[in-house]
Every structure is written in C-alpha cells, then in structure tokens.
4 protein chains.
Amino acid sequence: MASRGVNKVILVGNLGNDPEIRYMPSGSAVANITIATSESWRDKATGEQREKTEWHRVALFGKLAEVAGEYLRKGSQVYIEGQLQTRKWQNQQGQDQYTTEVVVQGFNGVMQMLGGRQGGGQGQGMGQQQQQQGNWGKPQQPAAAPQQNFAPQQQQQQAPQQQAPQQPQQQYNEPPMDFDDDIPF
Amino acid sequence: MASRGVNKVILVGNLGNDPEIRYMPSGSAVANITIATSESWRDKATGEQREKTEWHRVALFGKLAEVAGEYLRKGSQVYIEGQLQTRKWQNQQGQDQYTTEVVVQGFNGVMQMLGGRQGGGQGQGMGQQQQQQGNWGKPQQPAAAPQQNFAPQQQQQQAPQQQAPQQPQQQYNEPPMDFDDDIPF
Amino acid sequence: MASRGVNKVILVGNLGNDPEIRYMPSGSAVANITIATSESWRDKATGEQREKTEWHRVALFGKLAEVAGEYLRKGSQVYIEGQLQTRKWQNQQGQDQYTTEVVVQGFNGVMQMLGGRQGGGQGQGMGQQQQQQGNWGKPQQPAAAPQQNFAPQQQQQQAPQQQAPQQPQQQYNEPPMDFDDDIPF
Amino acid sequence: MASRGVNKVILVGNLGNDPEIRYMPSGSAVANITIATSESWRDKATGEQREKTEWHRVALFGKLAEVAGEYLRKGSQVYIEGQLQTRKWQNQQGQDQYTTEVVVQGFNGVMQMLGGRQGGGQGQGMGQQQQQQGNWGKPQQPAAAPQQNFAPQQQQQQAPQQQAPQQPQQQYNEPPMDFDDDIPF
DNA sequence: TTTT
DNA sequence: TTTT
C-alpha cells in the first residue's frame, strides 16, 4: 500500500458511552465509540467560565476493536490515532448524507488506554494498596494486558536477537516500566 | 483557554480547487479549501492497481486564511495542522445536517506550503530567471516568501492593539513569541 | 515568528522521576522531566515476552513548567507535544557533547496530565466514593483541575504586561485566545 | 508487538546532504539522512531578522531506506514520521556517548517526498511546459520520473529584498538552506 | 475536485 | 453522551 499525502488524526479524550461492537461476516470485529474532547475558557464579556465539547465518532477494526470492546467503557480515557474518512449514505428520504469518522485500522491505527491502574503517587506518600482501579472496564478474560498498540506486530522481526527474559504483566496492567532502571541521563 | 484532551488533525495533500475566501463582519478572513489525500495499493484478488482518494474540508481563519487566499491554488501541496470540528446546520427541508471540518486557527493551527517556489540551486550555479513557478499561486505582493507557520501571527489580528514590547522568552536566545512581527505579510 | 518545516514530537508515557524545577533569572520556570515509552513483543524464536523502554528528556518552560512542578510526580502519565532540540555543550574534558531534548514551550507546546482523578468505571458498578486519587501529585493549592493545555497561558508569562482586552476571535462564539485567563493557576 | 505509551516524531524539512545508504548482512537497507527545520523571527531588540535551524538525524530502514536512497537528494523536501531513539556508544576515549535519532521503520514509519510534480499554477495561467524538474533525485530506473519544485524561500525570507538572479536548478535539486553551515554531526 |  |  502506498499513499500520497498524510491523513492523520490524534485524539485524547473520554468515551461518551460504552463501545458498540459488531462483527463482520468474516468474523472480524468493528467497534464504534464516541470520544469527547473539550476546551474551556473564561468569557471576557461576561466573566463566566465557558466550555465547548467536541464529539468524535471513532471506528476501530480488527484486534483493536476487540480490545476496545473488552476494556473500554463509558468514561474511559483513551489515546487514538487514526485517519479521517467520510462515508456517504442515504437517509430514509433517499437523500445523500455524509458522515465523517476517525478510522482506526491496520498499521497506522493506534489505540491506547490511558490512566491505567494509577501510577504515580509515591511522591505523595500514597500507599499503593489504597489505589483503586482506574480507567478501564473489567476484562472478560482476566488474561492479557489491554494497553496496547497492535499495529506493529512486525516489529518483532526487526530485533530478533534481543533475548532478555521478562516477567508476566499484571492483570491491571501495571506500568511495565522499571523506574529504578538506569535512566541513561 | 484550557483544554481537556487532544484534538489534532495532520494533513498533507493537494488542493482540489482554488481557495474560497470570505470576510467576517469584523474584517477577519476565512478560507475554505478542500484537500485530497490518497492511498493506492495492488488488489490481491485482481492484481489491479487501485486508488482511493479522501477529500477533506479545511477552514482557515485569520492570517492563515489570508495567506491561503494569496498563495494557494488548485493543486497546491500543503501541510495542515488543525482540529476536528463538526457543525450542525439545517438543509432546506429543515433537517439537521452535520458537517465535519478541519479548523486551522489560533495557536495550534499550522499551514505550510510545500514544494516551494522552485528555487534553490544557488549552490548548483543556477540562475533564477530559469526557475519556474512552483506549487504556490502568484502573490499579490511580489515580495516575501510565503512558506511559514503563521499561527502566532494570527494573534496579531485578534488583538492588534497589543503593542507592548516583549522580552525574550528565555536567555537562550530562542525565537521569542513575536506577535508584532510584520513579516512577511 | 515563522517557521519553515515542521518539528513536532508527541509522547505519551510515565515520568521516571519527580520533575526538577529551576528558575531563570527572569523568574520564569523550567521543568526537566524524563518520560518512558516502551514496547513489548513476543520473541518469535524463543517465545519469550520481551520489552524495550525508551527514555526521553523533556524540558518544559514557563507556565507549563510550573504546572509540571506542582502536579506531576514520578510515575505520572502524561501527554506531551513539543519539538526536538539538540544542545551542544562541553564536558569536563572540554569535548563537545550533544544532548537532544523535547522542548515544550510557547504556542506549540502541550502538556496534559492523563488518567485524571479516576473516572470511568461506573459502567462497571464501581462506586465513585471508592475511587481514589490518581495519576497526579497533590497540588499545593487545593483549587482547580490541572488537566489542561496550558500553551496559551504561557503567553501570559512572556508578556505579563499585556492587559488589553481582546475581542472574540470570531462571531461563532469560539474560545478566544484568552491569555488573561486566570484559571486554574 | 505492543506498546505502552506513544513515541512519535513528525518532521517536514529539507535534506542537508544526499542520503547515506548501507546494507545489513541480511541485505536489508539502512539510510541515514539529516533534515533541517528552521524558524525565523525578527529580533525585537535589534530589529534584525534572525533564524535558527535545527538539524535532525533520521535513520530509515528497509524499503523506505531503499526509496530514500533512490529518490532523495540534498535539498529534497520530505515528510517524516518516526520515533525517537537514543543510542549509547563509546568514543575513542572509551567514554559513553548518546545519540538521539528519529527512526523510521516498520508500520509506524512514514516517509513522503514532497513537492512532487508541481501543482498549482493553472489558476495563474502558467504553462506547464515551463516547469522544471523538482525536488527528488533521478531514479535509477527511468520508470518513476519525479519532477518538480523547490524552495529557496528561506533565503528570500531572510532577506526578502533580495532580487538578485539565481542560477538554474540542477537535476539533483539544490538546498534552499545554507548547507555549508556547521551541521552539528 | 487534487496529486502520482 | 464523557471528563474536569
């Protein structure tokens, strides 16, 4: 696949509703979500605090759709990278209608759940045991870690020589990072 | 102004038509352009080369709109950074319609003309008279180079009365946020 | 200010340490943070799970630096938008060294704290009272919500003397570029 | 492959030199290029036009490296999407050194040549036959013959009053920038 | 409707 | 319809 031009959308926002999942005849999943982004400012004239929310239709396909269906819920905060796509359809009066969506699909599509299980707080003297679950819904299967970008599976091939063992991820998807690692600066 | 979330669109593509410019009652300019991005691929089943073009509505405001009107033309290649915005309106039957646009405005808006005016080449010993027009339209004023990020300058327009001198942002001799700059338009 | 070209970095990751804050002679703040992004994959050859973490130096200036100092802590998850900058310096042996940082500053700089105070979860039957504070450090001032894009407010700092009232950007009742905004810090 | 976090760099700029291509033992190609992005502004204190150029090291892998080697040349304008990566190495004194690069690889890597075959101009009534070859290097294979345009705008911008004739373009597309500058690597 |  |  080749492309002339760049068509990229980046969103960080919260879901307005639980995802709607459906399946193609092929068995492939599609998830539709709506994401809110908002801006707030003080109105100069009235001095009032004002806010404007923009709602975005997002369609995820394939593996990302499955992850969305499993882990995202109304209110979940999410990072989305996709492309703009406008579909033409006809309403009941037979009139052309256009709907623009952010399509998250294939290699360029990214979906990352944010907030995770709450990190941070140590600097605040917060015990970890007090930290409650966060941003994501309860997985159907306890198994895998949801916060993923599934696009680049090919990456594997690029560094096959790397052999270091790793411990399994926790079910609430802890930051896999080891902050005591040697930060190289 | 504050925002919760990120709402960002990045496009690189070509204009389908000359820009349409209009002016607000305040005198501020608005430019509407349509930008094509396309993808091509070989169809696995048929072996044919296929292509799909996506058209994007883009609305530029303020100084960027003026620049677009002056320098962009049908076919011009452009880099756009803006945000998604869906407007609701009513058609002649009184039915609600929604239109999604990429709005390029204020600090986060960027418009960069690409491909340049065909020039360069001094290092190659080339004379300018042989250089032909490039990607951009002919400016009304022959003078300065158009390829710029005008985001900051838009500020000028919003509050042209701001004439207070500004100190450099920091001591590192960085580019200051220089709203009074009069170049190049 | 004008620019030829685009120089943009987008990061979503977790802080490796508490921010380090210092102040310029002008009183302007600078915050240095390190952010980790990581990738994990299953090694095809061995079947093991592997992970690689990339550490990023990020320097925030002005208002964003102050917000970072107040609210970010080791482990905090954050969205960053800035630009690449390579500084040259000399080590104790007098040799040239180069350090590349992501500079978050001015109009194009964005810093958004992620994860918030724990939202979501309602769809899961989670009582809100059980939700604990999340991803951010405890603010010095109890007041306002930190998750914001402070880019515009930085302007305030650069030219705090600018007090002239501003008219709305356009008649559409858009968020004005509102530098005098006093929220939330 | 999965990732926690986002690590993304977007650049639009011009090559400081022809690409350097080498091949891995596997036969896979690697291309190293340097890309300039610049900002210009008028210095408030002195009234002088000032400019700062940032140079970026970019490493492309695989197919994109081959394309870069074939079509890109010193001065070519290019869109790059990749990720930040810092490598540690040792200099001849055995001291640790760090080099940060933009790695363009795999699914998330994008490289698009800009400027293309010149669009625009029609609205200006300019004849196409006058258009000169452009932004890309001469392909090894006659097949894809990219043409077109180029930009000395920067020069123009620094000294817009310059009207001196410029020399004709060569087929390898000269840089608009002053590449005799010290590239800091 | 662009571009290749 | 989210979030703060």
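In this text, all values refer to a predicted model and were calculated from it rather than measured experimentally. So that the names make sense, note that chain A is the first sequence line, chain B the second, and so on, each numbered from 1.
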Report the distance from atom CZ of B:Arg57 to atom C1' of E:dT1, rounded to the nearest whole Å.
12 Å
Judged by nearest nucleotide, the residue sitting upstream toward the 5' end of DNA chain E, B:Asn17 or B:Glu51, is B:Asn17
Could you state the atom-to-atom distance from CG of C:Leu114 to P of F:dT4 in whole Å?
13 Å
Would you give the length of the straight line joining atom CD of A:Gln97 to atom CG of B:Asn91, rounded to the nearest 0.5 angstrom?
7.5 Å
Taking atom CG of A:Asp18 and atom CD1 of A:Ile33, what is their separation to the nearest 0.5 Å?
11.0 Å
Whole Å only: how far is the CZ atom of A:Arg50 from the P atom of F:dT3?
21 Å
Looking at B:Gln95, I'd like to know if its CD atom is crowded, meaning that more than 12 non-hydrogen atoms belonging to other residues, nucleotides or ligands lie closer than 6.0 Å.
yes
When rounded to whole Å, the CD1 to P distance for the pair A:Ile33 and F:dT2 reads 15 Å
Testing F:dT3, E:dT3, F:dT2 for proximity to the side chain of A:Lys74, the answer is F:dT2
Measure from the side-chain heavy atoms of A:Trp55 and tell me the nearest of F:dT1, E:dT1, E:dT3.
F:dT1
Would you indicate what A:Thr53 reaches in the nucleic acid, counting non-hydrogen atoms under 4.0 angstrom: base, sugar-phosphate, or nothing?
base
Separation of F:dT3 P from C:Gln77 CD (nearest whole Å):
17 Å
In whole angstrom, give the distance that lies between atom CD of B:Glu54 and atom C1' of E:dT1.
13 Å
Could one point to a donor on the side chain of B:Asn14 or the base of E:dT3 with an acceptor on the other under 3.5 Å away?
no
How close or far is atom P of E:dT2 from atom CG of B:Leu11, stated in whole angstroms?
18 Å
Between A:Glu51 and B:Arg4, does at least one N-O distance fall below 4.0 Å, as a salt bridge requires?
no
Mind calculating the distance between NE2 (A:His56) and C1' (F:dT1) to the nearest angstrom?
13 Å
